[in-house]
Novice: 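Structure below; questions to follow.
Start at 1 and go down the list; that is how both ligands and their atoms are numbered.
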Amino acid sequence: MRRLRSRPRALLAALAGALCLYGLGTATPAYAADSLNQLAQAHGKFMGSAAATAHFSDSQYTEILGREFGQITAENEMKWDTTEPSRGQFNFGPGDQIVDFAQQNGQSVRGHTLVWHSQLPDWVSNLPSSEVRGAMENHVTEVAGHYAGDIYAWDVVNEPFNEDGTFRTSPLYNAMGSDFVAHALRAAKAADPNAKLCLNDYNIEGINAKSTAMYNLVRDLKADGVPIDCVGIQGHLAIQYGFPSDLRQNMQRFADLGVDVAITELDVRMQLPVDSQKEATQSQYYANVIDACLAVDRCVGVTVWGFPDKYSWVPDVFDGEGSATLWNDSYQPKPAYNAVVEAFGGDPGPGPGPGDGCSASYAVPNEWNSGFTAAVTISCDGESLSGWSVSWDYTAGQQVTNAWNATCTQTSARVTCTNATYNGNVPDGGSVTFGFNGTWTGSNPAPATLTLG
Ligand code: 9MR
């Protein structure tokens, strides 16, 4: 296992986790001086993210998307239901916005996706079988043709397999059998000869029936002279299911077939609520993925499936799970962000962005029927503070009753604590703790985010 940070902040976060009953260490790491993509580039890789035009009006989102990543993937804007909602009627507006954003920010674009059983418009499903191949090839030709020159790699076919390695039934498979993959790849090659052409799937991180089916398909396509350049391993991981420890070995076997590999949709979800232990495991998973990519020459990069947590697809699909991305709901980089920086050999430290070098963590060392004692620790690393305030929102009606070593006020759910006259200075490498008693009923979840001002 990789050792994560040995710095005071990490130690305090771990300590807070050890002490708390329901609490968490919401250590909010500083931004590294280099962007994630710059760190990846030092190894000849890229770091990318899914991008969604729905959030382009959110300036914090676009600022991080433009700054941290060197590659973006349209989260939904290039899928069949958007690009050809009715037969022969093409809509490239949303996808064009993704390409424009990338070009303005010097990013490459992964095209996602030309052929997929999901987000497939009804008109395709309703076609007579004899017309499906023509419709599919026309779709590929038009969409890949429209974006020719703008796309570094296409997920030509997404998610063709079932978990047991058999082909998934879909209107495409039903009409053409497994040949639909080769037909789609050939049409894509004709439409955009310079784009890399990939197959992409989930649950193919480790060596298993599904990844072996993908391996065999790529091997056979190559043997048949079908254009195939790359395999996308999505990387939707969950800490409760364990890390696929043979990820590197699996990527290497694809590389040995003569194709590039990439992690294309990385996120690491957990069962809520978040606690510092889960965040440490999540950080390790993110670091493990970076390590695996660094160890395989033909792993070209790692793409996360969006940020911040509030825009992640995870809570909509997995009940009670979340916190899967590198940034929390308030755009604070999470410990997993630090883990990625360190996995690339970077040093988290003061750099651009809202995190600066200080962070706050929350712990509940004592709790009884209707009351609790909490401790908040502010620690600095690479920065210092002269005067501070920490704010958070309670989600279960808790009330702060009395505080020490800080002045706390509460207005409905919102609590703000400011320093006492004697502890406003937090030196670089130092920390300050204040405490308070509070009341609770029902449950006493720790706040998801502490904002340090
Ligand atoms: O993140 C995407 C979400 O907004 C869409 O509602 C969903 C529709 O199926 O697709 C999500 O992205 C998926 C990607 O296209 C393919 N791999 C799995 C991703 C998460 O579901």
Novice: Closest non-hydrogen protein atom to atom 6 (O) of ligand 1, residue and atom name please, with distance?
Specialist: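 The closest one turns out to be Asn76 OD1, 4.2 Å.
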Novice: Nearest protein heavy atom to atom 12 (O) of ligand 1, by residue and atom, and its distance?
Specialist: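 Result: Trp305 NE1, 3.3 Å.
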Novice: Tell me whether the guanidinium CZ or amine NZ of Arg269 lies under 6.0 angstrom from the six-membered ring centre of Phe318 and within 45° of its axis.
Specialist: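 Yes, cation above the ring, under 6.0 Å and within 45°.
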Novice: Just checking Tyr286 against Phe243, ring centres under 6.0 Å apart?
Specialist: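 They do not qualify: ring centres at least 6.0 Å apart.
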Novice: Return the orientation label for the Phe307 and Trp327 ring planes: parallel under 30°, perpendicular over 60°, tilted otherwise.
Specialist: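 The rings of Phe307 and Trp327 sit tilted, inter-plane angle from 30° to 60°.
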Novice: Give the atom numbers and elements of ligand 1 that come within less than 4.0 Å of a heavy atom of Glu159.
Specialist: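 Close to Glu159: 16 (C), 17 (N), 18 (C).
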Novice: Quick test: of every protein heavy atom, which one is nearest to atom 14 (C) of ligand 1, and how far off is it to 0.1 Å?
Specialist: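 The answer is His112 NE2, 3.4 Å.
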Novice: Would you say ligand 1 has an N or O under 3.5 Å from any N or O of Trp313?
Specialist: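 No - when backbone and side-chain N and O of Trp313 are compared with those of ligand 1, no distance drops under 3.5 Å.
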Novice: As an exercise, state the distance from CG of Asn37 to CD of Gln71, rounded to the nearest 0.5 Å.
Specialist: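 One finds 9.0 Å between CG of Asn37 and CD of Gln71.
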Novice: Please answer whether the main-chain N or O of Ala50 pairs with a side-chain N or O of Glu75 as donor and acceptor at a distance below 3.5 Å.
Specialist: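 It does not hold such a pair.
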Novice: What do you reckon, does Glu75 have a nitrogen or oxygen under 3.5 Å from a nitrogen or oxygen of ligand 1?
Specialist: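 Yes: some nitrogen or oxygen of Glu75 is under 3.5 Å from one in ligand 1.
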Novice: Report the relative orientation of the aromatic rings in Phe180 and Phe167; use parallel for angles under 30°, tilted for 30 to 60°, perpendicular for over 60°.
Specialist: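 It falls in the perpendicular class, over 60°.
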Novice: What protein heavy atom is closest to atom 19 (C) of ligand 1, reported as residue, atom name and distance in Å?
Specialist: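 Answer for atom 19 (C) of ligand 1: Glu265 OE1, 3.3 Å.
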Novice: Just need the protein heavy atom nearest to atom 11 (C) of ligand 1, so name the residue and atom and give the distance.
Specialist: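 The closest one turns out to be Lys79 NZ, 3.7 Å.
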Novice: Does Arg253 qualify as a cation-pi partner of Tyr215, given the criterion of NZ or CZ under 6.0 Å from the six-membered ring centre and within 45 degrees of its axis?
Specialist: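 Yes; both conditions hold, so Arg253 lies above the ring face of Tyr215.
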Novice: Numbering the atoms of ligand 1 from 1, which are under 4.0 Å from a heavy atom of Asn158?
Specialist: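 Close to Asn158: 16 (C).
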Novice: Check each heavy atom of Trp116 against ligand 1 and say whether those closer than 4.0 Å belong to the side chain, the backbone, both or neither.
Specialist: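 Side chain only.
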Novice: Going by an N to O cut-off under 4.0 Å, is there a salt bridge joining Asp291 and Arg248?
Specialist: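 The answer is no: the pair does not qualify as a salt bridge.
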Novice: Can you report which non-hydrogen protein atom sits closest to atom 7 (C) of ligand 1, along with the distance?
Specialist: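 Result for atom 7 (C) of ligand 1: Gln119 OE1, 3.8 Å.
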